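Note that the coordinates shown come from a computational prediction; the quantities given were computed from them, not determined experimentally. Numbering starts at 1 and runs along the sequence shown. Just follow the structure's listing: the first ligand is 1, and inside any ligand the first atom is 1.
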Amino acid sequence: MCGIAGYNGKQKAAPILIDSLKRLEYRGYDSAGIAVFDNTSIKVYKDKGKIAELEKGLPDITGSVGIGHTRWATHGRPDKVNAHPHTSGDIAVVHNGIIENYQTLKERLVHSGYTFVSETDTEVLAHLINHYYRNNLKEAVMSALKDVTGSYAVAVLRGTEMVAARKDSPLVVGLGSGENFIASDIPAVLKYTRNFILMDNMELACVYPDEVLFFDINNKPVEKAVTIIDWDMEAAEKSGYDHFMLKEIHEQPVSIHGAFAGRISELEGNIIFEDMGLSGEQVKEISRISVIACGTSLNAGLFGKYLFEHLAGIHVDVEIASEFRYAHSPPGSLVIAISQSGETADTLAALRQAKSYGSGTIAVTNVIGGTITREVDCVVYTRSGPEIGVAATKTFTSQLIVLYLLALYFGKLNGKISTDKIKRMISSLKKIPAQVTRILENREVVRECAENFASSNDFFFIGRTFNYPIALEGALKLKEISYIHAEGYAAGELKHGPLALISGKTPVVAIATRGLTYDKVVSNIKEVKARDAPVIAIADENDIEIEKYVDMVIRVPAADEILSPLLSTVVVQLLSYYVARERNCSIDQPRNLAKSVTVE
Ligand code: AGP
């Protein structure tokens, strides 16, 4: 995920910018750059690769005001031209987030005579600000941002003037004495100050050495409170959360949005995957898809099976990568390899095996430039930002979103889904980030539930259809970080064996949100209740009936049946987290596990 740094003060800006960017390295990036005003003009230094390399090539830069950036490529390759800052005239810009309507804006600007050198959406912003500039940088930034649809944290430099703004992408202002800072997060500048102002959506800051003035997007001054940070550096990197896993669970409203931003058009009922380049005829020829993956990514793949079969009418086989590589039958004509790290040896081996049959290949991954990305025909990034906790959380929900978009895209191309239905599904999708936020706000209920059951030795998670992969994922998460034995089952399968294990000592988490199989899941709940199992139901917030049959209800906002598994996912993640915390487990680094499994 990109990172922003900015400095306006009396010291040399460049070393401070480089130092701040290094502290943002943990977010992941593929290129970096700075722009400094050296009392004559803005000088830009940027390149692909590591900040240390950029630093080595820097001359002695005298200016005391500048902006910097680490880029995690979304629009355009990770190279020097696409690296930030981007300039237009004497204006330099760094940007995090995605400008969804950048194509439309670009066409407008090209028509007005602007020349584009990069493939990025950010360059649009630089030209747009230049276009509106009439001797007032703040007002030019406001006008430009009013034209933008999407998310942004942005820092703009012109001469000694610096303006910052945000919408749905984090940005903080650090207050010093005779110097002020901006950054994507607190740790980046914690070395220089402990006094911070946390910017809210649609706010702008004019950053001078001796003061910072805040405005809303309509130029109305805004009063901001100063937050004094007393975290140590380690706590700061976790933004005050006790663990990276909890931080990453809480980042999901943003990461989910990032996974679909710029890839949907509700107005036209369209899904946009520019790089895919598939025609309707080509998609019609795909009669079978094979998904290959491991662990959490495999669970995402199973969710993908339900999606592709339901929305695009394409049969999907979900293959455990470590098994598939020994298979003797050919995969489908299209193979989707899912891997958050892009380095999993089992998945790579299976991918190579699939390619030997001549199948087309798509990777769904989170890491730019990972090995897997170099071996497939097409890459769809999940854009979750770096995930530090070994247990995958936000990368999983982003995988679900990407598979949802792919299934809609294929369904539209092969004529299995109407434009109107896509419009409705996009509309439901856009509500998910806010619905996830509501679940996170109610996390106390989940914590209480975890407290009640943390001493159990065995757990069951059950669900049907779209919720079955989430039951598997709930069990996997609990196993990984709390070391409790847990099984995920298709609810209808319990009676074919595992019911023998159910007793008063085996809590059952039943995903019972409303949908086609709701009544059947309720029947399965009654089966386990009849064997004295304590039942925790994950149910819609307006489902009063369910309370009669279960011991605890964790409520989620009512959502489309296909999308509500995303909401249930957040609940099972929180549940695992709080159980593990009750048991004092090493949450971010569970025993025996690694973030990237590069051995077969
Ligand atoms: C997830 O919590 C686990 N750490 C693990 O199951 C993981 O999903 C699996 O190893 C696959 O990793 P990948 O997505 O990086 O390929």
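Among Phe308, Phe260, Phe273, the single residue meeting the ring-ring contact (aromatic ring centres under 6.0 Å, His included) criterion with Tyr409 is Phe273.
If you number the atoms of ligand 1 from 1 as listed, the ones under 4.0 Å from a heavy atom of Ala391 come out as 2 (O). Close approach to Val390 involves these atoms of ligand 1, each under 4.0 Å from a residue heavy atom: 2 (O), 4 (N). Counting the atoms of ligand 1 from 1 in the order shown, those under 4.0 Å from a heavy atom of Ser339 are 13 (P), 14 (O), 15 (O), 16 (O). Near Glu480, with a cut-off below 4.0 Å to any heavy atom, the atoms of ligand 1 are 1 (C), 2 (O), 3 (C), 4 (N).
Nearest residue to atom 6 (O) of ligand 1 from Gly295, Gly342, Ala300, Cys294 is Gly295 (criterion: closest heavy atom). Considering only non-hydrogen atoms, atom 14 (O) of ligand 1 lies nearest to Ser297 out of Ser297, Ala392, Ala321. Looking at Thr395, Thr296, Ile338, it is Thr296 that brings a heavy atom closest to atom 8 (O) of ligand 1. In the candidate list Thr393, Thr365, Asn366, Thr344, Thr344 is nearest to atom 13 (P) of ligand 1, counting heavy atoms.
For the residue pair Glu343/Thr371, the side-chain donor-acceptor check at 3.5 Å is satisfied.
Between Pro331 and Phe324, some side-chain heavy-atom pair lies under the 4.5 Å cut-off.
Among residue pairs with one or both ends in residues 555-564, those qualifying as side chain to side chain donor-acceptor pair (under 3.5 Å) are Thr513-Ser564, Glu547-Arg555; sequence neighbours excluded. Contacts classified as salt bridge (charged side-chain N to carboxylate O under 4.0 Å, His left out) and involving residues 575-588 (residues at least two apart or in different chains) are given here: Asp242-Arg581.
At least one heavy atom of Lys477 sits closer than 4.0 Å to an atom of ligand 1.
The structure places CD1 of Ile372 at 12.5 Å from CG of Asn366, a figure rounded to the nearest 0.5 Å. Expressed to the nearest 0.5 Å, how far CD1 of Ile292 lies from OG1 of Thr344 amounts to 11.0 Å.
At a heavy-atom distance under 4.0 Å, no atom of Glu343 approaches ligand 1.
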